[in-house]
Amino acid sequence: ATAITPIDCFGNTNGEIELLVNNYTGAYTYQVFDGSGVAITGVIGANTSVNPETISNLPGGNYYVEVIATDAPFCDALTNAVTIASPPTA
């Protein structure tokens, strides 16, 4: 995963990360977690026909994404940690 859009103003939730699935084609699910392992999103269905996938509306902070293939070979993976930058408090 890669951070592509930082927060424009402290407290906003307009950050974005990009999820690129390599070496797999087909349907999968993903879920975003914060740096403490708390789920930030529900489980979201996706497909590699849209690759990379943009994940929007995130606040500043550290994240990782769990990806689970729902077609053969039914593998799962965790992404690298990604940081969405945010300006300091006002």
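Computed from a predicted structure; not experimentally measured.
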Worksheet, complete the sentence: N80 meets the side chain to side chain contact (heavy atoms under 4.5 Å, CB included) criterion, sequence neighbours left out, with A1, V82
Discussion item. As an exercise, state the distance from OH of Y28 to OG1 of T48, rounded to the nearest 0.5 Å.
Written reply: 7.0 Å
Worksheet entry | CD1-OG1 distance between I17 and T54, expressed to the nearest 0.5 angstrom | 9.5 Å
Item to complete: For D34, check side chain to side chain donor-acceptor pair (under 3.5 Å) against everything at least two apart and list the hits.
Response: none
Discussion item. What's the separation between atom CD in Q31 and atom CD1 in I55, rounded to the nearest 0.5 Å?
Written reply: 11.0 Å
Discussion item. List the residues meeting side chain to side chain contact (heavy atoms under 4.5 Å, CB included) with N57, not counting sequence neighbours, and say none if there are none.
Written reply: none
Discussion item. Once ring-ring contact (aromatic ring centres under 6.0 Å, His included) is applied, what residue pairs with a partner in residues 30-73 remain, sequence neighbours excluded?
Written reply: F33-Y64
Discussion item. For a 4.5 angstrom cut-off between non-hydrogen side-chain atoms, does P59 reach T13?
Written reply: yes
Discussion item. My understanding is that only residues two or more places apart in sequence, or in another chain, count here; which of them pass side chain to side chain donor-acceptor pair (under 3.5 Å) with N12?
Written reply: D8
Fill in: Inter-residue atom distance N22.CG - N51.CG, 0.5 Å rounding
7.0 Å
Worksheet entry | Residues in side chain to side chain contact (heavy atoms under 4.5 Å, CB included) contact with V50, at least two apart in sequence or another chain | E53
Worksheet item: Where is the tightest heavy-atom contact between A72 and Y24, given as atom of each residue plus distance?
Response: O-CE1, 3.6 Å
Worksheet item: Is it true that I4 and I7 fall in one hydrophobic cluster, defined by side-chain heavy atoms closer than 4.5 Å?
Response: no
Worksheet item: For T5, what residues pass the side chain to side chain contact (heavy atoms under 4.5 Å, CB included) criterion, not counting sequence neighbours?
Response: E16
Item to complete: Keeping the roles fixed (side chain from T41, backbone from V32), state whether a donor-acceptor pair exists under 3.5 Å.
Response: yes
Fill in: Evaluation steps, side chain to side chain contact (heavy atoms under 4.5 Å, CB included), between S86 and F10
CA-CA 6 Å; S86 176; F10 182 79; 4.0 Å; yes
Worksheet, complete the sentence: Tracing side-chain contacts under 4.5 Å among Ile, Leu, Val, Met, Phe, Trp and Tyr outward from F74 reaches none
Worksheet item: Which value, rounded to the nearest 0.5 Å, describes the distance between T29 atom OG1 and I44 atom CD1?
Response: 9.5 Å
Discussion item. Do L19 and T79 have side chains that approach each other closer than 4.5 Å (heavy atoms only, starting at C-beta)?
Written reply: yes
Practice prompt. May I have all residue pairs that pass side-chain hydrogen bond (donor to acceptor under 3.5 Å, both in side chains) and include part of residues 65-78, sequence neighbours excluded?
Written response: none
